[in-house]
Amino acid sequence: MRVLKCADTGVLVEVADLAQVIALGAALQADPLPGVADVVPAARTVLLRLEPGADPAAVAEAVTGLRPTAEVGQGTGETVTVPVHYDGEDLADIAELTGLSPREVVRAHTAATWTVAFCGFAPGFGYMVGDDPRLHVPRRGEARTRVPKGSVALAGEFTGVYPRSSPGGWQLLGRTDAVTWDLDRNPPGLLRPGVRVRFEEVA
Amino acid sequence: MNPVTAEDSARESDPPMPENALPGPDSSTAPALEILATGPMTTVQDAGRFGHAALGVGRSGAADTDSYALANRILANPAGAAALEATLGGLRVRARGAVTVTVTGAETPVRVDGRGAAVNEVLHLPDGAELTLGAPARGLRSYLAVRGGVAVPPVLGSRSTDVLAGLGPALPEAGDVLPVGPAPTAFPDLDHVPARRVGGDRVELRVELGPREDWFTERALSALLSGDYEVTSRSDRVGARLAGPALERSREGELPSEGMVAGSLQVPPGGEPVLFLADHPVTGGYPVVAVVRSADLPKAAQARPGTRIRFVL
C-alpha cells in the first residue's frame, strides 16, 4: 500500500490489484474514517476525498492502519442479470482480438461471473471485472463521439454498460434494455461496487 | 458537453424542500425569480452533491465556493441555499413578489430597474423589479443569491447542475420561473459586506506536487513552477484548459483510471495541463502532476480566458 497526497483535499491510496481495491473500498464503506467525505475506488487506487479542514496526514495514517479482510468476489451478496442483444458493432473486432469466434465471445461473456469493482466515467457506469482473461481487449484506437445508451462493451480487464448516450472508446459487444441508472430508484445505480453481474443472451 | 435532459429534470429522488423548511405560502403567491436572460451561461448551484462518488457522481456545486458562501451569509441564508451562478454576467431576472437578493463574486455592474446598485450588498427587489448583471471587468463567475434560496427540486440531495454528468436542475432559460424558498428566521445584519477583490489579469495559485509527479521529468516540474499558463477559451465548469509549457513525461505507459479531486492539474498526452474545477470527472486516466490547495480553488474558478496563472509551492 502506498499513500499519496492530493494537496489538502484528498488522500490517494495505491494498492497492488483490484482485489485489494475492492477490499479496501468495502472496509471504508463499513467503517468510515473521520475526516473523509467521499470514497472513490478505481482500478488500482482508492481516493479519499477529505472534508474541509481535515488533516491529510492523520487520514493517511488511519488508512495505513486498516487491515481489510474482504476477498475478491465477496461483494454485496446481490446478483443482477443483464439481458443482452449481442449485435454490437465491434463484435467481429473483439473476436479477432481475442482469437475466438463471435459465438465463443458471446459464450465467454455470458458464462463469466462479473463483479462491479467501481463506478466512474458517468453516473451509474460500473467497471465490472470477470473471471475470463480471454476477454481482455484494448480500447478502440479512436473513441466514438456517440455510444448509444445501453451499449454493453469491453475494454482492458473490464466490461461495462453505458448508462446514457455519451462519447466512448470501448469495444461494443451488444446492447441491453436494462436501466442501469434511474433517479427514481434508490439507489439510482443498478451496477454498484460489489454487485455480481451475469449477462444473458436474448434474441 | 451534454445538456441536462428533460428526463433528468423530471425525475427527482428528493422532496422539493429541505426538511427544516417552514411550510411555504400558497405556491401561486410564493416569491420567485423569472429569468429574462441568462448571459453566456447561468446554472443553479449549491454547496454540491456529497456521498455519491461510489456511484460515479461528482461533487459539482458552486465553482467559487467563497463568493457563493459569502452571498448566503449576506442574506442570512442557511449555508447550503442554492443560488444562480452567472458566467461573465448577462443575467437578467424579474422579481415575482418581493424578494431580497445579493450579488457576489466577479464584480459585475448591477442595475435594478435601470438604477445602479452594488455587489456584496443586500438588495430589496419589489414585485416586478428587474435586476441586471452587466459584464464584469475582472473575474468570471458572479453569484445571485436570494433570501430563502432558489428552491428548484434537488437531485440526489443537491440543487447543483453538473454539466459534465448531465445531472441536477436543467439550465435556466429565458422565461423560466424559479421558485424561491421560505425566508430563514435570521435576518441580515449588515447592508454591505466588504469582500476581497475577485479576478485579475494574473493570478498566483499555491499547489502541492503529486500525486503523480513521478510520471514527469525534473524539467517538467520546474517548467510547471516557473512558467506562465494562460487560461484558454476551451474552459468551463469541468476545468480550465491551460496553454503554456508542455509537461514532458518521464515514463511510458498508461495510468489506470483513478479518482480525481477539484484542483487537480491533469496532464493529457499533449502535455498542457487541465485544471479541474467543480464538475470535473470522478475518475480520470491521465496523471495529475500537482493539486491546487483548497484555499486557492475559488481564485482558480475566477480565472477567465486570457488570465495568466503562475503555480507556486
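Small disclaimer: the values here were computed from a predicted structure and weren't measured. Numbered from 1 within each chain, the chains take letters A, B, ... in sequence-line order.
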Can you say whether [X] sits under 4.5 Å from chain A via the side chain, the backbone, both, or neither, judging by heavy atoms?
| X | value |
| --- | --- |
| B:Ala290 | neither |
| B:Asp214 | side chain |
| B:Val207 | neither |
| B:Arg212 | side chain |

* Where on A:Arg2 is there a heavy atom nearer than 4.5 Å to chain B: the side chain, the backbone, both, or neither? ->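 For A:Arg2, side-chain heavy atoms alone lie under 4.5 Å from chain B.
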With a 4.5 angstrom heavy-atom cut-off, is it the side chain or the backbone of A:Thr45 that approaches chain B, or both, or neither?
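The side chain, not the backbone.
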Using a cut-off of under 4.5 Å for heavy-atom pairs, which of [options] has the most such pairs with chain A?
| options | answer |
| --- | --- |
| B:Leu297, B:Leu209, B:Val291 | B:Val291 |
| B:Pro281, B:Gly210, B:Pro256, B:Ala54 | B:Ala54 |
| B:Val261, B:Val57, B:Val282 | B:Val261 |

Search all heavy atoms of B:Leu164 against all heavy atoms of B:Asp162 and return the closest pair with its distance.
->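 B:Leu164 and B:Asp162 have their closest heavy atoms at N-OD1, 3.0 Å.
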Could you pull out the closest heavy-atom pair between A:Arg44 and A:Asp17, with the gap in Å?
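Of all heavy-atom pairs spanning A:Arg44 and A:Asp17, the closest is CD-CA, 3.9 Å.
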**OP:** Side-chain contact test, heavy atoms from C-beta onward, threshold under 4.5 Å: evaluate it for A:Glu157 versus A:Leu18 and give yes or no.
**Re:**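 Yes. Closest side-chain heavy atoms under 4.5 Å.
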Note to self: Is there a side-chain contact between A:Leu173 and A:Val105 in this structure, where contact means two heavy atoms from C-beta onward sitting under 4.5 Å apart?
What the structure shows: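 Touching, per the 4.5 Å side-chain cut-off.
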**Asked** Taking A:Pro123, A:Ala37, A:Ala43 one by one, which has the highest count of heavy-atom pairs under 4.5 Å against chain B?
**Response**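 Result: the option with the highest number of such pairs is A:Pro123.
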* chain B: which of A:Val46, A:Val21, A:Leu12 shares the most heavy-atom pairs with it under 4.5 Å? ->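 Of A:Val46, A:Val21, A:Leu12, A:Leu12 has the most heavy-atom pairs under 4.5 Å with chain B.
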Q. Relative to each other, are the rings of A:His109 and A:Trp114 parallel, tilted or perpendicular (30° and 60° limits)?
A.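 Tilted.
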A:Phe125 vs A:Phe121 aromatic rings, parallel, tilted or perpendicular, using cut-offs 30° and 60°?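 Ring orientation of A:Phe125 relative to A:Phe121: perpendicular.
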- Which of these passes side-chain contact (heavy atoms from CB on, under 4.5 Å) with B:Tyr68: B:Asp66, B:Asn72, B:Asp64, B:Leu70?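 The passing option is B:Asn72.
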- Within 6.0 Å of CD in A:Glu96, more than 12 heavy atoms from elsewhere: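 No - once you tally the heavy atoms of other residues, nucleotides and ligands closer than 6.0 Å, there are 12 at most.
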